[in-house]
Undergrad: 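This is the structure I have questions about; it appears just below.
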Number of protein chains: 2
Amino acid sequence: MKRNTWQKEAVRSALGDAGGFVSAQALHAALRESGSTIALATVYRALTGLTDEGEADSLQQEGEVLYRACTPGSHHHHLICRRCGTTVEIEAQPVEEWARRTASEHGFTRAEHVVDIFGVCARCSDLADRASRP
Amino acid sequence: MKRNTWQKEAVRSALGDAGGFVSAQALHAALRESGSTIALATVYRALTGLTDEGEADSLQQEGEVLYRACTPGSHHHHLICRRCGTTVEIEAQPVEEWARRTASEHGFTRAEHVVDIFGVCARCSDLADRASRP
DNA sequence: GACTTACTGAGAACCGTTGTCAAAACGATT
DNA sequence: AATCGTTTTGACAACGGTTCTCAGTAAGTC
């Protein structure tokens, strides 16, 4: 039987607070920072659980996996700031259809797709501009 | 000055032969299999070089990086078989535009996107069907 | 409160990848 | 063809993120 522990709740909550995509290690550091004694392995386990249950999305970037609290049960994609990790959830029916059509046109079955946009958000763009042109 | 070695050529050629996305380790194994004495580190270095020069595309899957020989200088996406790695290059102008528009609508700049479709190709589907219903 | 058993913490282990450095070899030059 | 400066290679160590192991802890049940 599945049990509820303060550790799982702490990870869920910290992931929510993060607002964007964060690594397991960053999340662990943040939790320790705020006084928690949670172990790194537990953070990994909790994140895996959340992802399996559809409460979190994950993506790989530069050799590490990033996690984010996501609207459960909804299929969506992400617009992610490369600088600060801030993320916007996007739905795009036309892209869904395009993906399905493209796959079946080539005889592919059981198709899933990865559609993510990486950029620099308005706030980080501003900061960068001000830094380079003072 | 950049030099040409048989090792680089061997990697380029093996990557071409692979036909789909393969890992550095798999490529190294294949090369050794066919009698080459090339070192693993060299395969990694060659693949990094090819990717930098736009002769290969790469993507991350399950904690490892996969490489593929690609049409140089063309922006395209991939339709990849989860079973055998076979890959089809796809161009999709509407998706490009959608990505650009979505990013700018949310104030994001310097946007790049990742758009890949994973599925099971016709041949692998056939094989799976035959295996389960003999 | 006692019991069962899932979960946690600490560290070792794992695995893909990158760094190090002496030896090899490419390519320009003579 | 022999020499030379420099790039590249190969073998292995090191690295970093993630997973495994296992004894100890604690959630939920009776």
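Letters A, B, ... are given to chains in the order of the sequence lines, protein chains preceding strands, and every chain is numbered from 1.
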Undergrad: Check whether any side-chain heavy atom of A/C121 lies under 4.5 Å from a side-chain heavy atom of A/R83, and answer yes or no.
TA: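 No, every pair of side-chain atoms sits at 4.5 Å or beyond.
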Undergrad: Could you state the atom-to-atom distance from CD of A/Q61 to P of D/dG16 in whole Å?
TA: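 Atom-to-atom, A/Q61 to D/dG16, this comes out as 18 Å.
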Undergrad: Using a heavy-atom distance cut-off of less than 4.0 Å, which residues of residues 12-31 of chain A contact DNA chain C?
TA: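 The stretch gives none, as no residue of it lies under 4.0 Å from the strand.
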Undergrad: Taking atom P of C/dT17 as reference, at what distance in whole Å does atom CD of A/E62 sit?
TA: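 It works out to 14 Å between those atoms.
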Undergrad: Please report, rounded to the nearest Å, how far the P atom of D/dT18 is from the CG atom of A/L40.
TA: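 Between P of D/dT18 and CG of A/L40: 9 Å.
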Undergrad: Which parts of nucleotides 20-30 of chain C does protein reach within less than 4.0 Å, heavy atoms only, written one letter per nucleotide 5' to 3' as B for base, S for sugar-phosphate only and - for none?
TA: B----BBSS--
Undergrad: Does the side chain of B/L40 reach to within under 4.5 Å of the side chain of B/Q25, using non-hydrogen atoms?
TA: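 They are in side-chain contact.
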Undergrad: Any side-chain heavy atom of A/H113 within less than 4.5 Å of one from A/R100?
TA: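 No, every pair of side-chain atoms sits at 4.5 Å or beyond.
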Undergrad: Starting from C1' on C/dT17, measure out to CD on A/Q60 and report it in whole angstrom.
TA: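 Atom-to-atom, A/Q60 to C/dT17, this comes out as 14 Å.
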Undergrad: Using the closest heavy atom to pick a nucleotide of DNA chain C for each, name whichever of A/A46 or B/T48 lands nearer the 5' end.
TA: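 With A/A46 and B/T48 compared, the 5'-side residue is A/A46.
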Undergrad: Quick one: does A/R45's side chain get under 4.5 Å of A/Q7's, heavy atoms only?
TA: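 No; the side chains remain at least 4.5 Å from each other.
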Undergrad: Does B/E62 have more than 12 heavy atoms from other residues, nucleotides or ligands lying within 6.0 Å of its CD?
TA: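 Open.
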Undergrad: Using atom CG of B/L47 as one end and atom P of C/dT18 as the other, report the distance to the nearest whole Å.
TA: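 Spelled out: CG on B/L47 to P on C/dT18 is 10 Å.
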Undergrad: From A/T86 OG1 over to A/F21 CZ, what is the distance, rounded to the nearest 0.5 angstrom?
TA: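 That separation rounds to 11.5 Å.
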Undergrad: For residues B/T51 and B/Y67, determine if any side-chain heavy atom of one lies less than 4.5 Å from a side-chain heavy atom of the other.
TA: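 Yes, side chains in contact.
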Undergrad: Around B/E97, counting heavy atoms of other residues, nucleotides and ligands shown, do more than 12 lie under 6.0 Å from its CD?
TA: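 Above 12, so yes.
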Undergrad: Whether A/Y44 contacts D/dT18 is assessed here as follows: a side-chain N or O lying under 4.0 Å from the phosphate OP1 or OP2. Is that the case?
TA: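 Affirmative; the distance criterion is met.
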Undergrad: Rounded to the nearest Å, what distance is computed from the CG atom of residue A/L50 to the P atom of nucleotide C/dC7?
TA: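 Distance, rounded to whole Å: 13 Å.
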Undergrad: Among the candidates D/dG10, D/dT19, C/dG16, find the nucleotide nearest to the side-chain atoms of B/T42.
TA: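 Out of D/dG10, D/dT19, C/dG16, the nucleotide with an atom closest to B/T42's side chain is D/dG10.
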Undergrad: For B/L66 and C/dG16, what is the distance between atoms CG and C1' respectively, to the nearest whole Å?
TA: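 B/L66 atom CG is separated from C/dG16 atom C1' by 12 Å.
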Undergrad: Any non-hydrogen side-chain atom of A/H78 less than 4.5 Å from a side-chain atom of A/D57?
TA: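 Side chain of A/H78 against side chain of A/D57, heavy atoms only: contact under 4.5 Å found.
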Undergrad: To the nearest Å, how far apart are B/I38 CD1 and D/dT9 P?
TA: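 It is 7 Å, rounded to the nearest whole Å.
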